[in-house]
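Everything numeric here is computed off the predicted structure, so don't read it as measured data. Chain A is the first sequence line, chain B the second, and so forth, proteins listed ahead of strands; every chain is numbered from 1. Below, each value reflects all heavy atoms present in this structure, side chains not excepted, and no hydrogens, waters or symmetry copies.
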2 protein chains.
Amino acid sequence: MQSRTPASRTGRPRSAAADTAILAATREALVDLGWSKLTLGDVATRAGVAKTTLYRRWAGKPELVCDAVAELFDELELPDRGSLAADIEGVVLQFAAILARPEAKSGLMAVVAESTRDDALRERIRASIVERQMRLVLEGRARAQRRGELPAEPDPAESARTVDLIFDVVAGAVVHRTLVSGKPADEDWVRNFTRVLLLGLTSAEPPTP
Amino acid sequence: MQSRTPASRTGRPRSAAADTAILAATREALVDLGWSKLTLGDVATRAGVAKTTLYRRWAGKPELVCDAVAELFDELELPDRGSLAADIEGVVLQFAAILARPEAKSGLMAVVAESTRDDALRERIRASIVERQMRLVLEGRARAQRRGELPAEPDPAESARTVDLIFDVVAGAVVHRTLVSGKPADEDWVRNFTRVLLLGLTSAEPPTP
DNA sequence: GGCATTACGCTACGAGTCGTAGCGAAAGCT
DNA sequence: AGCTTTCGCTACGACTCGTAGCGTAATGCC
C-alpha cells in the first residue's frame, strides 16, 4: 500500500494480514475514540501488533487514517440505472451512506484538514480517495453523453473545467450536508439536489444581456 | 464571547484586550504551525498572557480555534449588485477569499472534524460561523424574489428545504474546491458555478416522464 | 476609604503520548 | 546451511496537557 515495491525479494516479507488488521483496527478506533483521541499505540494493541510495526509502515497518524478511510470508498460503483438522473441519485446515495458512517465522519475531514499544510498527504488523499470519485463522474458523464442526455463538449479544456465543477458541486454538497449541516442526505434531499444539478447542466443558457 | 453574562458585576472584570490578543495570536499560530502543532501554551505566549488565563476562558483547543476562525467571517456582506447572479458571484468570491487564507484552511476543517464527536462544539460552530452564512442566503433569496428572479414559495416547509439545499451546494462546492481539490475559486470558476446554480434554480421543471 | 470578590501572572506538578533504539526470535530466499 | 528483513517486546527522553496553589491587581459595594 505504502511500502516501496522494489525488488527487495530477500528477507522476511511483511505480513499482509497485519496490514488489513491494522487498517481495520484504525477504523474501529476512529469509531470508538474519534480522530483526536486516537493514538497509534492504541491501534497497535487493537490490531494485535507491536507499536514499532506500525511506525515501520506508516509515517504517522494522518497517513494511516488516510489509508484506513480510503478503503471505505472501495465499494463505490456506478451501476447503469437507465437515465442520468437515476445514475446520479444512485451514486450520491452510496456516497452519502459512506459519509454517514462514524469512521468516515471522524477521519475524512481531519485528514483533509491536515493536508492543508502537508503536500505529500494532499497527494496521497488525491490518489487514494479523490481519484476514484472523480472517475465515477467521468464515467457517468461519458455515459450520459452517449445517451444524448448531456451535450458533447469538444474543447478538452472546457470539458475538464466542467468535470471539475460537477465534482466539486456533488462531493462538496454531500459532504457539507452531512458533516457541517449535520442532516442526513436522504432520498428526498438527493432527489432535490439531482433535479437542481441536472437543470443547471442541461438548460440552455440565457443570453446574459 | 463564551463567558456567562449573568449579573456577576462584582470583582475584577476580564480584560477585553486579552480576548482580542488571544484570538489574534491563535490565528497567527494557525498560520505558522497549523492545527495539529498548535498548542495552547504557545498561543498564550504569543498573546502575552498566562496559560491559565486561556483555560479560564476556553474549554480547549477546538473552542478557541472556533472563535478565532469565526471572526474571519465577520466581514461577509451582501451588497446589492443589481441582479441575483451578480449578488451570488460577489458573495461567493468573498467566501472564497476567506477560505483561501491559511488560518481558515487549517482551522475550519479541523474544527468541523472535531465537531463530529462533540455536539456542544457542533452547536458552537453553527451559532458562530454557519448562522451568518445562512443569513446571507436567506437575504439574497428574499431580495431575488422581490426582484422576481426567483419564484415565491408559499409552503414554508418546502421553502426551508430549498434554502438548506442552496446553502449546502454553495458552501460545500466552494469549500471542496478550495480545500479538497486544492484549486482556487477564482472569477472564472465562480462565474461557471453561478451559471449552473441559477439555471438549476430557475428552469422550469420537466414533467419527469 | 475599606472590604469582598473576581481575574491575573507565575510556578510546579503528575499523567499521558510521542517516536525511537536495542535486542533476540521468526520467516522467508538462495 | 547462511543471509536478510521483519516482528514483538521493553525501555527511554522529550514533550504537551490540564490543574493546583499562591500572591497580586482591579473592580463594585458599603
Protein and nucleotides 17-20 of chain D: nitrogen or oxygen contacts under 3.5 angstrom:
{"residue": "D/dG18", "atom": "OP2", "partner": "B/Tyr55", "partner atom": "OH", "Å": "2.6"}
{"residue": "D/dG18", "atom": "N7", "partner": "B/Lys51", "partner atom": "NZ", "Å": "3.2"}
{"residue": "D/dG18", "atom": "O6", "partner": "B/Lys51", "partner atom": "NZ", "Å": "3.1"}

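- For B/Asp155, there are no side chain to side chain donor-acceptor pair (under 3.5 Å) partners two or more places apart in sequence or in a different chain.
- We find that CG of A/Leu64 is positioned 15 Å from C1' of C/dG19, with the value rounded to whole Å.
- Comparing D/dA25, D/dT6, D/dG8 by their closest approach to the side chain of A/Arg12 singles out D/dT6.
- The side-chain contact (heavy atoms from CB on, under 4.5 Å) test applied to A/Val196 returns B/Leu165, B/Leu201, not counting sequence neighbours.
- Scanning for salt bridge (Lys or Arg N to Asp or Glu O under 4.0 Å) contacts around A/Arg161 gives A/Glu158, with sequence neighbours left out.
- By the side chain to side chain donor-acceptor pair (under 3.5 Å) test, A/Asp186 is found to be paired with no residue, residues two or more places apart in sequence or in another chain being considered.
- Side-chain atoms of A/Ser83 and A/Glu149 form no donor-acceptor pair, as typed in the model, at a separation below 3.5 Å.
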Without placing hydrogens or testing angles, list every side-chain donor-acceptor pair under 3.5 Å for residues 21-33 of chain A, not counting sequence neighbours.
{"residue": "A/Thr26", "atom": "OG1", "partner": "A/Ile22", "partner atom": "O", "Å": "2.8"}
{"residue": "A/Arg27", "atom": "NH1", "partner": "A/Ala68", "partner atom": "O", "Å": "2.9"}
{"residue": "A/Arg27", "atom": "NH1", "partner": "A/Glu71", "partner atom": "OE1", "Å": "2.9"}
{"residue": "A/Arg27", "atom": "NH2", "partner": "A/Glu71", "partner atom": "OE1", "Å": "3.2"}
{"residue": "A/Glu28", "atom": "OE2", "partner": "A/Arg46", "partner atom": "NH1", "Å": "2.8"}
{"residue": "A/Asp32", "atom": "OD2", "partner": "A/Arg46", "partner atom": "NH1", "Å": "2.9"}
{"residue": "A/Asp32", "atom": "OD2", "partner": "A/Arg46", "partner atom": "NH2", "Å": "3.3"}

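- Considering only residues two or more places apart in sequence or on other chains, B/Arg141 meets the salt bridge (Lys or Arg N to Asp or Glu O under 4.0 Å) condition with B/Glu153.
- Residues passing the salt bridge (Lys or Arg N to Asp or Glu O under 4.0 Å) test with A/Asp74 are A/Arg132, sequence neighbours excluded.
- Which of D/dC7, C/dA7, C/dG9 sits closest to the side chain of A/Arg56 comes down to D/dC7.
- The aromatic rings of B/Phe95 and B/Phe73 sit tilted relative to each other, their planes meeting at an angle between 30° and 60°.
- For the pair A/Thr53 and D/dG8, the criterion of a side-chain N or O lying under 4.0 Å from OP1 or OP2 is met.
- As a whole-Å value, the separation of A/Ile22 CD1 from D/dG8 C1' is 12 Å.
- Distances shown here put a side-chain N or O of A/Arg14 below 4.0 Å from the OP1 or OP2 atom of D/dT6.
- For the helix from C/dG1-D/dC30 to C/dT30-D/dA1, the angle separating the two terminal helix axes comes to 30°, with each axis derived from five pairs and the value rounded to 10°.
- Counting to the nearest Å, the C1' atom of C/dT17 and the CG atom of A/Leu33 are 14 Å from each other.
- In this structure, CG of A/Leu54 is placed 15 Å from P of C/dT17, rounded to the nearest angstrom.
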